[in-house]
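Reviewing the structure listed below.
All values below come from the heavy atoms of this structure, side chains included, with hydrogens, waters and symmetry mates left out.
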Amino acid sequence: MEVYLINLDRRGDRLQAIQKTFDRIGLSFIRIAAVDGMLMSQEERDWVYSLTPGEIGCYLSHKKCIELIAASQNEYGVVLEDDVQFSDGVERYLTDMNWIPKGADIVKLDTCGHLVHIKHLVELPDARIRLGRLLSPHVGAAAYIMSREAAKKLLSLLDDMNIPIDRLLFTHDRGVLNNMTVCQVIPALCQQSGSPSTINLDRDIWMQKQVKSARPKLMQRMLREVKRPFKAALYNTISGSSRLYRRVRMGKHWIRVPFG
């Protein structure tokens, strides 16, 4: 399997750090120059009304990786973001694809610590991890494995860019969780480092610029950003109640995915 690492040109610090990690575990990667949404013109971004510049860049960067997997001769490819952390022994799972279940389209390697619904949870032979089919949203796209066939199927879906890439891949918003076999590794083999998110930092800079420009059209975007945390809180409250009900009925299938 090829490992594709997404890295912004202006984040050489992250590239140096992840290179040291790969050298230590004896692996290599193909660097994918990330699309920098902050460098895109206003005209280039206006057609994606619902996303911030950082989210647009992140989406297009993952799209580049998925296109490479679709065109590859390898059955699977690995996509990583440059702020990812690895658990001990991760190199085995990034080089040998024999542990991946037959028919798996995407294997999510990271976690955001949320409670998720897993179906057919099994312990892999001679392994320290368990694996099951992901049935509920689990946002974040710091690390995942994708099959070549799944990448080919996603290409047309990726052309319609109106939600962040992690929501497209790991929620029900665009039907990927319903129509593809998405698996979750437990415990997660990867997690984001916890350093300040480039997307969030860029969002703050972008919002400050919009306040200064005070353009009416852009003020609508500002309002959307203000509403974002409240919408998320409402969604979490509603979905949390639903999860609690289902957890009572199917408790053994609900797991908070740890790292490590």
Among the clusters formed by ILVMFWY side chains lying less than 4.5 Å apart, do [X] and [Y] turn up in the same one?
| X | Y | result |
| --- | --- | --- |
| L80 | I100 | yes |
| F29 | I69 | no |
| I66 | L177 | yes |
| L134 | V139 | no |
| L158 | F170 | yes |

Which of these, R130, K108, H138, sits in a side chain to side chain donor-acceptor pair (under 3.5 Å) with Q184? H138
Atom pair [atom1] ([X]) and [atom2] ([Y]), whose distance is rounded to the nearest 0.5 Å:
| X | Y | atom1 | atom2 | answer |
| --- | --- | --- | --- | --- |
| D105 | L154 | CG | CG | 8.0 Å |
| K119 | L135 | NZ | CG | 6.5 Å |
| I255 | T111 | CD1 | OG1 | 11.0 Å |
| R174 | L168 | CZ | CG | 5.5 Å |
| D110 | S87 | CG | OG | 11.5 Å |

Minimum heavy-atom distance between I145 and Y93, given as atom pair plus value: CD1-O, 3.9 Å
Is the shortest side-chain N to carboxylate O distance from K64 to E67 below 4.0 Å? no
Salt bridge or not between R31 and D9? Use side-chain N to carboxylate O under 4.0 Å. yes
What do you reckon, is [atom1] of [X] surrounded by more than 12 foreign heavy atoms closer than 6.0 Å?
| X | atom1 | result |
| --- | --- | --- |
| H172 | NE2 | yes |
| D88 | CG | no |
| K152 | NZ | yes |

Parallel, tilted or perpendicular: which fits the ring planes of F22 and F86, with parallel below 30° and perpendicular above 60°? perpendicular
Assess the residue pair D82 and R11 against the criterion (salt bridge (charged side-chain N to carboxylate O under 4.0 Å, His left out)); give the C-alpha distance rounded to whole Å, side-chain angles, the decisive distance to 0.1 Å, and a yes or no. CA-CA 9 Å; D82 61 5; R11 294 311 304 261; over 6 Å; no
Looking only at atom types and distance, does a side-chain atom of R133 sit under 3.5 Å from a main-chain N or O of C183, one as donor and one as acceptor? no
For S61 and I6, indicate whether the former's side chain and the latter's backbone hold a donor-acceptor pair under 3.5 Å. no
Option passing side-chain contact (heavy atoms from CB on, under 4.5 Å) with [X] (candidates [options]):
| X | options | value |
| --- | --- | --- |
| V107 | L189, L131, V182 | L131 |
| L109 | V90, V84, L94 | L94 |
| C65 | V79, I165, I30 | V79 |

Please test M40 against I56 for side-chain contact (heavy atoms from CB on, under 4.5 Å), starting from the C-alpha separation and ending with a verdict. CA-CA 9 Å; M40 297 173 69; I56 294 172; 3.8 Å; yes
Would Q192 and Q85 count as having a side-chain donor-acceptor pair, cut-off 3.5 Å? no
Please report whether the ring centroid of H62 lies less than 6.0 Å from that of Y144. yes
